[in-house]
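All values below were derived from every heavy atom in this structure, side-chain atoms included, with hydrogens, water molecules and symmetry-related copies excluded.
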Amino acid sequence: MRTTTVGDVTILLPDLDPEDLDQVTGLPDDDIRDGLVEDASWRGQQIADLSIRGCRITGADLGEINWEGGALYGCEIVRTDLSGAALTGVSIERCSVTGSRFTGTRLTDVRLKDVLFDNCRFDYATLSRVSAAGSVAFTDCTLVHGAWSSCRLSGVALRSCDLSDLELDSCRLDGADLRGSRLHAFAAPLDNLQGVALTEDQLPELTRMAVNALSIDVRADAARGHDR
């Protein structure tokens with residue numbers, strides 16, 4: 001068993017030996033187990049109820065796939081392109097995803113448990129009803145210009161990420177660890193951020209959010225009149 005800790009979040013991760021894995025090239029009709037997928041292209045494929053377990057996927061092109069149902073369990077995903085992909089109703093558990101691209105990806109009704117996203121791009125990604133059923137962490141990820149709605153991500157770690165222009169709508173992010181993340185133009189209802197962890201240098205951005213949320217009228221101090 002391999003674990004990693006991000007802030008207060010401890011994540012169970014896969015511990016795969018490539019020498020124990022069987023080479024996989026094309027997308028099979030049945031579930032994939034203990035496979036090594038290297039530099040494969042499944043771009044634009046339609047996938048339904050597929051389970052991928054104990055696999056290492058590296059350098060693959062999974063852009064614009066449409067994947068409904070099924071699961072990723074105990075997998076390592078490295079330098080893989082999922083730009084423009086649509087994942088619906090997929091369960092992702094005990095997986096590490098490193099250096100991969102999710103630009104414009106749409107995640108809907110996706111369940112996450114013991115998942116680490118490290119140095120990944122989620123720019124312009126759309127997350128809808130994504131839930132964290134266990135430990136989840138994003139480290140050194142780019143999540144700019146994304147739109148997250150109706151997600152349940154309480155207690156997740158978003159450490160040293162770029163959250164600029166990320167918009168949250170009816171998302172639970174309470175208790176999340178946002179330390180070290182860039183919050184420029186980050187937009188979320190304040191009651192969705194209860195108990196989040198921040199560093200002192202992030203407080204000005206939180207103040208900006210509070211001013212906008214409460215429609216506070218910030219004015220220059222008018223000159224005082226003459227004493228009478």
Side-chain angles (χ1 to χ4, degrees), residues 6-12 65-73 75 77 82-97 100-198 202 205-206 209-210 212-213:
V6 180
D8 297 327
V9 175
T10 299
I11 304 170
L12 297 175
I65 64 168
N66 191 335
W67 185 357
E68 295 188 14
L72 271 169
Y73 181 87
C75 294
I77 301 174
L82 289 113
S83 298
L87 277 64
T88 304
V90 177
S91 176
I92 304 175
E93 183 173 348
R94 199 172 177 182
C95 291
S96 66
V97 187
S100 295
R101 193 175 188 91
F102 294 83
T103 300
T105 298
R106 301 180 302 281
L107 304 180
T108 306
D109 296 317
V110 170
R111 176 181 178 272
L112 305 173
K113 182 178 180 181
D114 285 308
V115 181
L116 172 66
F117 295 100
D118 179 52
N119 193 28
C120 294
R121 296 193 63 92
F122 281 85
D123 43 326
Y124 298 97
T126 301
L127 276 63
S128 179
R129 298 186 301 276
V130 173
S131 62
S135 300
V136 175
F138 296 78
T139 58
D140 297 302
C141 290
T142 299
L143 301 105
V144 300
H145 300 291
W148 298 6
S149 63
S150 302
C151 296
R152 293 176 294 159
L153 299 170
S154 301
V156 302
L158 290 156
R159 297 292 300 272
S160 301
C161 295
D162 190 349
L163 309 182
S164 301
D165 294 289
L166 173 62
E167 294 187 8
L168 272 59
D169 180 19
S170 300
C171 288
R172 292 196 57 180
L173 208 65
D174 47 296
D177 187 349
L178 307 183
R179 287 177 291 173
S181 290
R182 188 167 187 261
L183 302 178
H184 175 72
F186 174 66
L190 293 180
D191 57 357
N192 289 173
L193 303 177
Q194 185 172 358
V196 298
L198 299 173
Q202 292 172 301
E205 284 299 327
L206 184 64
M209 293 172 62
N212 292 339

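Side chains of Leu183 and Leu198 form a contact here, defined as non-hydrogen atoms less than 4.5 Å apart. Thr108 has its side chain within reach of Arg129: a pair of non-hydrogen atoms, C-beta onward, lies under 4.5 Å apart. A heavy-atom distance below 4.5 Å is found between the side chains of Arg121 and Thr142. Cys75 is not listed as a side-chain neighbour of Tyr73, based on a closest heavy-atom distance of 4.5 Å or more.
Heavy atoms from other residues, nucleotides or ligands lying under 6.0 Å from CZ of Arg111 number more than 12. Around atom CD of Glu205, more than 12 heavy atoms belonging to other residues, nucleotides or ligands sit under 6.0 Å away. Within 6.0 Å of the CZ atom in Arg159, the count of heavy atoms belonging to other residues, nucleotides or ligands exceeds 12.
With Trp148 as the partner, the side chain to side chain contact (heavy atoms under 4.5 Å, CB included) test is satisfied by one option alone out of Leu143, Leu107, Val130: Leu143. Across Cys120, Ser160, Cys161, a single residue satisfies side chain to side chain contact (heavy atoms under 4.5 Å, CB included) together with Asp140, and that is Ser160.
A donor-acceptor distance shorter than 3.5 angstrom exists from the side chain of Asn192 to the backbone of Cys171, with no hydrogens or angles considered. Of the possible donor and acceptor atoms, none in the side chain of Glu93 sits under 3.5 Å from a partner among the backbone N and O of Ala133.
Taking CG of Leu153 as the reference point, atom CG of Leu112 lies at 7.5 Å (rounded to 0.5 Å).
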